[in-house]
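Take a look at the structure below.
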Amino acid sequence: MCSLTFFVLTIIISCQKNDEKKAVSIIWKNKKAVAVSIPNQLAEGTKPISVRVDASYDNELTIFGDIEKQEDRLIFTPLIPFTRGLTYEIFEGEKSIAQFSIPQPDASDAPKLTAIFPTQDTVPENLLKVYLQFSQPMREGRSAQHVALLDDQADTVKNAFLDLQPELWNEDRTQLTLWLDPGRIKRDLQPNKKLGAPMLKNRKYSIIISQHWKDVDGSALAKSYTKTFVTTIRDSLSPVPESWKINPPKSGTLSALMIDFQEPLDHGLLDEAFEITHEDGSKIAGEWQFVREETRELFIPKDHWKPGTYHLKVDARLEDLAANNVNRPFDRDITKGEEQKGPQAFVLVNFQVK
Amino acid sequence: MKKMYFVLAVICAGVVLLANTNRLAGSKYGFKVGTPEIKSISALAFGPDGVLLIGDSKSGTVFAMDTKDAVANNAATPVEIKNIDQKIASLLGTTAENVTIQDIVVNPVSKTVYCAVQSNDGTPVLLKIAGEKIEAVSTKNVPFSSLALNNVPSETDKDQRGNPIRVSAISDIGFADGKVLVSGLSGQTFSSTFRSIPFPFTDKQDAATLEIYHAAHGKYETLAPIKTFTTAEISGKKYLVASYTCTPLVLFPMDELKPGTHVKGRTVAEMGSGNQPIDMVTVKKGGDSFLMMANSARPVFKVKYKNIESYQGSLTTPVEENFATAGVNFVSLPVTNVIQMDKLDDSRMIMLQRRSNGSLDLWTSSERYL
């Protein structure tokens, strides 16, 4: 009896092994189905192998890709990875020899929205930019479908954001910059005169990000997100670094230097707009932190402060929430001779450490 | 024996000649054979002799690649492919909602159509369309050169000009007068990064950014990022014809586009509110040349360059009618929802159009549209 069981088991195992040898397997790389491995046993080896997608239309086309011959198998690498949720068919000549499907992504892989800038809940009515930060690289070209601005009646403000193609993503596709339509914000242009500015002062608005937005691997956001804020009057003035409040640290300490901008600044350039140098010209190493909803920054030095004069070097392209930069306001009335500082690259503000 | 030496000598000479030719072919325009690291394709244009210019927004780089497709063709065949997105999707092993056609251009020498496609996972694909046939264009082991737009300058340059603002999106690319023209948008600041880069590319970063401004009715001035552009000759003078993200159509004399200058375009038209120009080309019929402009929410516009020429001064009187346009006169063609456009030859255009039945078709316009 024992030997019979052993015999049956051996047959089952060897069949499984044979089946495994005959089964196609998907090759994964960074959660993408980048290729399929086709064992030689599957085909007769007489006609060329091709792969087709089982879509609802035009199933006759073979997929572009490279076929690499290995000892006991063929590796087919398509030009773009196989798509989640789709089924593919392998052909030898015109004969179908196998099928395989790409599973849907795991729910645990769902991306998240990690931040929305500005973080303030009060913004000027001529706010120009909104930044969305995600935990994973997202699909491009989808913001018009998935991001909406709602007014206090919960009605969608149509054409509030400029539908730019290509969109303004950072390199790893985790941060998207959206522009509220600059043609509607800029005074006297047709979009501004006909449609008006996207937002009016003293109103409540919400930005809604839909949970249907998928990441590059096909996982949708875990939930939808809402940011609500109120608007104040138009901001038409450039940030003036000379008027910022600087709280200098004491010499011999590692205390933070605190700079109060007196208004929230735009997230875009904040991380790289500042530099501190000592009067002897040496650059001070340390870490920047932006607090109180982008209205203040802290600089924590690596080494103890020495006494002397320091220069805070501010990139003149640094903008506030309405895209007024240090050199010029977003929208300058040239007939009134509104001030424009020269096209300077930096502004220096001095402070003393005693 | 002598004969054999002679044969050997001829073979040697042949090999030397061949080797030289290969090296010359590889080094034309300073190209080196290799595989360019193209991370995305957002804009395409053709340079000289079948050189394809590829705008890669993701890596902030312009690639110039020899397509070796430089046999002159004076009788371009019209292309017509219905449901092109579905066809491309099937060839890439996916469905139409998973691919985006980023740009379509015609090689002005061979008249072959090239097409940049991006899959949802971000993989870029370059395709070639001949008649009804779609082929993949390999970018492996090709002669190419590249120019990074986001190069960090040396410390001394930094002190003078500051860090360059990184280009997040290459909005358009073109080639005129031996220069590659690139308009880039930044995700960090509201600014323009328009560059005119001498071709072949050199190591020198002499392609500094222009500051481009727009003055609405001569009153309010803003920085003005360029969305799309073309070049044209008006009364013997060469112009850049551009459209801003805030929608006006503007002209710049090409010779004023010098690095580091503050340039203001002359507004010749406002193309209406709630609308964005998508693509522009210059075509000819008889003695007239026309600017053709595809729009996001309007039909294709046709503007006679002669009208632009006679329209002097900037736009001063806004139009009263809602959604109206202002400035030079133009004709709306009975063609809407054109997403991409390029010229096939002097008088015909290829258009990628979303039809009212939802089908995305690539087709060729006849001369009667002009």
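Sequence lines set the chain letters: A, B, ... in the order given, protein chains first and strands last, and positions in each chain run from 1. Every value quoted in this text rests on a predicted model; they were computed, and no experiment measured them. Only heavy atoms go into these numbers, but all of them, side chains included; no hydrogens, no water, no symmetry mates.
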Between B:N98 and A:R139, is a side chain to side chain contact (heavy atoms under 4.5 Å, CB included) present by the stated rule, with each step listed?
CA-CA 10 Å; B:N98 289 310; A:R139 281 189 183 176; 4.0 Å; yes
Working for side chain to side chain contact (heavy atoms under 4.5 Å, CB included), residues A:I80 and B:Q118:
CA-CA 9 Å; A:I80 65 168; B:Q118 181 162 303; over 6 Å; no
Given a strict heavy-atom distance threshold of 4.5 Å, which part of B:I278 is in contact with chain A: side chain, backbone, both, or neither?
neither
When you measure from the side chain of A:T177 to the backbone N and O of B:G187, does any donor-acceptor pair fall under 3.5 Å?
yes
In short, B:S186 meets A:L168 closest at the heavy-atom pair O-CD1, 3.7 Å
First locate atom CD of A:E319, then atom CD of B:Q188, and finally report the distance between them rounded to the nearest 0.5 Å.
10.0 Å
I'd like to verify something: which residue of B:T123, B:V117, B:T100 has the highest number of heavy-atom pairs under 4.5 Å with chain A?
B:T123
Working to the nearest 0.5 angstrom, can you tell me the gap between A:E140 CD and B:D121 CG?
10.0 Å
Side-chain heavy-atom pair A:F64, B:L127 within 4.5 angstrom cut-off
yes
Within 6.0 angstrom of B:E37 CD, more than 12 heavy atoms from elsewhere:
no
Check A:W179 against B:T189 and note the closest heavy-atom contact, atom names and distance.
CZ2-O, 4.4 Å
Between A:L79 and chain B, with a heavy-atom cut-off of 4.5 Å, which part of the residue counts as in contact: side chain, backbone, both or neither?
both
Between A:R142 and B:N120, do the side chains contain a donor N or O and an acceptor N or O under 3.5 Å apart?
yes
Point-to-point distance, once rounded to the nearest 0.5 Å, from OG of B:S168 to CD of A:E167:
11.5 Å
Determine whether B:K227 and A:L162 make a side-chain contact, defined as any pair of heavy atoms from C-beta on separated by less than 4.5 Å.
no
Contact origin within B:I339 toward chain A - heavy atom pairs under 4.5 Å:
neither
Could you pull out the closest heavy-atom pair between B:T94 and A:T83, with the gap in Å?
OG1-OG1, 2.6 Å
Would you sort out whether A:L164 and B:L185 count as a side chain to side chain contact (heavy atoms under 4.5 Å, CB included), showing the intermediate values?
CA-CA 10 Å; A:L164 268 179; B:L185 304 176; 3.7 Å; yes
Heavy-atom contact with chain B under 4.5 Å, split by part of A:Q175
neither
Chain B contact via A:K32 - side chain, backbone, both or neither, heavy atoms under 4.5 Å:
side chain
Considering only heavy atoms, which portion of A:E171 lies under 4.5 Å from any heavy atom of chain B: side chain, backbone, both, or neither?
both
Name the region of A:D217, side chain, backbone, both or neither, that has any atom closer than 4.5 Å to a heavy atom of chain B.
neither
Which of A:G218, A:P81, A:G141 touches chain B most, by non-hydrogen pairs under 4.5 Å:
A:P81
If you look at every heavy atom in B:L92 and A:I63, which pair is closest and at what distance?
C-CG2, 3.7 Å
Between A:K129 and chain B, with a heavy-atom cut-off of 4.5 Å, which part of the residue counts as in contact: side chain, backbone, both or neither?
side chain
Looking at A:N30, I'd like to know if its CG atom is crowded, meaning that more than 12 non-hydrogen atoms belonging to other residues, nucleotides or ligands lie closer than 6.0 Å.
no
Tell me, out of B:S296, B:G93, B:A169, who's got the most heavy-atom pairs with chain A below 4.5 Å.
B:G93
Applying side chain to side chain contact (heavy atoms under 4.5 Å, CB included) to A:R173 and B:K58, what does each step give before you reach the verdict?
CA-CA 9 Å; A:R173 275 34 189 168; B:K58 205 167 179 177; 3.5 Å; yes
Please name the pair of heavy atoms, one in A:P166 and one in B:S171, separated by the smallest distance, quoted to 0.1 Å.
CD-CA, 4.5 Å
Please classify the contact between A:D271 and chain B as side chain, backbone, both or neither, with a heavy-atom cut-off of under 4.5 Å.
neither
Nearest heavy-atom contact between B:S90 and A:L61 is CB-CD1, 3.7 Å
